[in-house]
Amino acid sequence: MTLTDAAHALQARHAWEPPRALSAADPELADLLSAEAERRASGLQLLAGENLATEAVLAALAGPLVDKYAEGYPGRRHHTGCAVADATELLAISRARALFAAEHANVQPRSGTSAMLAAFAALLRPGDSVLAMSLEHGGHLSCGSRANFSGRWFDVIGYGVREQDGLIDLDQVRELAKAHRPKAIIAGSISYPRRLDWAAFREIADEVDAYLVASAAQITGLVAAGAVPSPVPYADVVVAATHKLLRGPRGGLLLCTGELADRVDRAVFPFTQGGAAMNEVAAKAVAFAQATTPEFGAYIARAVEGARALATALARTGARPLTGGTDTHLVTADVSALGVTGAQAERRCAAAGLMLGKCAVPFDAAPAAETSGIRLGTGAAAALGLGPAELAEVGALIGALLSGGAPAAAAARVRELLQAAGAKGSR
Ligand SMILES: *Cc1c(COP(=O)(O)O)cnc(C)c1O
């Protein structure tokens, strides 16, 4: 099995047309999807968490398991007719365990947030204290937002990064852990572009007898390819996602020790979910297999090298990449020196077909709706075959746009880059 050729995938998406069954039954919705296909093909996707699912993954999603009800786990279902569902889930589990060298995998969570909810349910009781990266410094909302179960039902204490270099302050993590004695420490972020020191987090967790949970949804594909250190040998539970760098279906994944397997499984079903989406489980199995191929390794290397080139190019324009660069597919940059807010930067780039996100930077003085920064990810670009040379150019284009350059010229160049990506892969 190989990854679908980048250009083929791109062309298939450019040419997407609603199947007749859909356009006949529901022309209104078919039109909406056609508009989305056009939007998707008209720009370069640089949002950190979005990617392009592979054609094989899309095929599995649309396959016959879409109809199957299979509450429970293989061999222990609440429904009849589950032999194929069982075999499919066992295949997904064994592939996930092998890919991540994990003792146990649960492939049923519907999203990263559902997986985190189950991790909390497996290890904690409401009211327990948890130490996690603060939202202002890059923590996900499932790691302590007051608007989310985590911040509402748990006592979440936040750690952050150092102002001088933007790196996680492990001394602060240790001090807070000793002061608050949390039941669990969560390591991981939606925007931190550097490798995490899992061993150091494990050491701190052990010092205060806390569980260590890795919030690794953003970097799941990097871990699969060995491009960043894996949290699996260190964390009690790893919360992962299959739709980001992994190019699988929208969904979550839990990895844990054998000792916690039963608790984690019961926390997913029946505690926080009903029947799993078996077509998503099938598509996850496909993504896990594709992640072992040399093509996947090359794509991940392209994403990381592309991000590095993008950060360097942005720095040349006067934007300030946080932490000075990146070890991952993520680039977070303060753009205030260019005289724009994050929200203005997002709008200007969108007008030129460059889809990136505004992002609060640590110690941000701008209002939350504006922010001082932007966050970019190179996963979708790398999936289209774009590498460091193209992403360096994208960085320069962004700098020009933020310094007042006209969107029309940049938009024309973005279209050329996308067309070249198509031509390159069709050889
Ligand atoms: C993307 C992400 C999530 C949430 O994933 P959803 O599937 O949108 O719920 C959680 N944590 C981190 C670190 C993420 O990057």
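Whatever order the structure lists ligands and atoms in, that order sets their numbers, starting from 1.
- Residue Ile190 has at least one heavy-atom neighbour below 4.0 Å for each of these atoms of ligand 1: 12 (C), 13 (C), 14 (C), 15 (O).
- Within ligand 1, the atoms closer than 4.0 Å to a non-hydrogen atom of His243 are 7 (O), numbered from 1 in the order shown.
- Of all the heavy atoms of His140, the ones lying under 4.0 Å from any atom of ligand 1 belong exclusively to the side chain.
- When Ala115, Ser114, Ser191, Gly112 are ranked by how near their heavy atoms come to atom 6 (P) of ligand 1, first place goes to Gly112.
- With a 4.0 Å cut-off on non-hydrogen atoms, Lys244 touches ligand 1 through its side chain and not its backbone.
- Taking the six-membered ring for Trp and thresholds of 30 and 60 degrees, His137 and Phe363 have ring planes more than 60 degrees apart, a perpendicular arrangement.
- Contacts between Ala216 and ligand 1, counted as non-hydrogen atom pairs separated by less than 4.0 Å, are absent for every part of the residue.
- Under a 4.0 Å heavy-atom criterion, Arg250 is in contact with ligand 1.
- For ligand 1, the atoms lying closer than 4.0 Å to a non-hydrogen atom of Ser189 are 13 (C).
- Within 6.0 Å of CG on Asp206 lie more than 12 heavy atoms contributed by other residues, nucleotides or ligands.
- Residue-ligand proximity, Gln218 to ligand 1, at heavy-atom distances under 4.0 Å covers atoms 15 (O).
- The protein heavy atom nearest to atom 9 (O) of ligand 1 is Thr113 OG1, 2.6 Å.
- Relative ring orientation between Tyr159 and Phe201 is described as tilted, the plane-to-plane angle lying within the 30° to 60° band.
- Within the model, atoms SG of Cys349 and NZ of Lys358 stand 13.5 Å from one another, a figure rounded to the nearest 0.5 Å.
- By the 6.0 Å contact criterion, CZ on Arg316 is open, its count of non-hydrogen atoms from other residues, nucleotides or ligands being 12 or less.
- Taking distance alone, with nitrogen or oxygen atoms compared against 3.5 Å, Ser142 stays at or beyond that limit from ligand 1.
- For the 3.5 Å distance criterion, the side chains of Asn148 and His140 fail to qualify, holding no donor opposite an acceptor.
- Within 6.0 Å of OH on Tyr234 lie no more than 12 heavy atoms contributed by other residues, nucleotides or ligands.
- Among the candidates Leu356, Ile190, Val331, the single residue satisfying the side chain to side chain contact (heavy atoms under 4.5 Å, CB included) test with Arg375 is Ile190.
- Scanning the protein heavy atoms around atom 13 (C) of ligand 1, the nearest turns out to be Ser215 OG, 3.3 Å.
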* Could you give me the CA-CA distance, side-chain angles and deciding distance for Arg202 and Asp197, then say whether salt bridge (charged side-chain N to carboxylate O under 4.0 Å, His left out) is met? => CA-CA 9 Å; Arg202 178 75 261 174; Asp197 188 346; over 6 Å; no

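- Ligand 1 has no atom lying under 4.0 Å from any heavy atom of Gly188.
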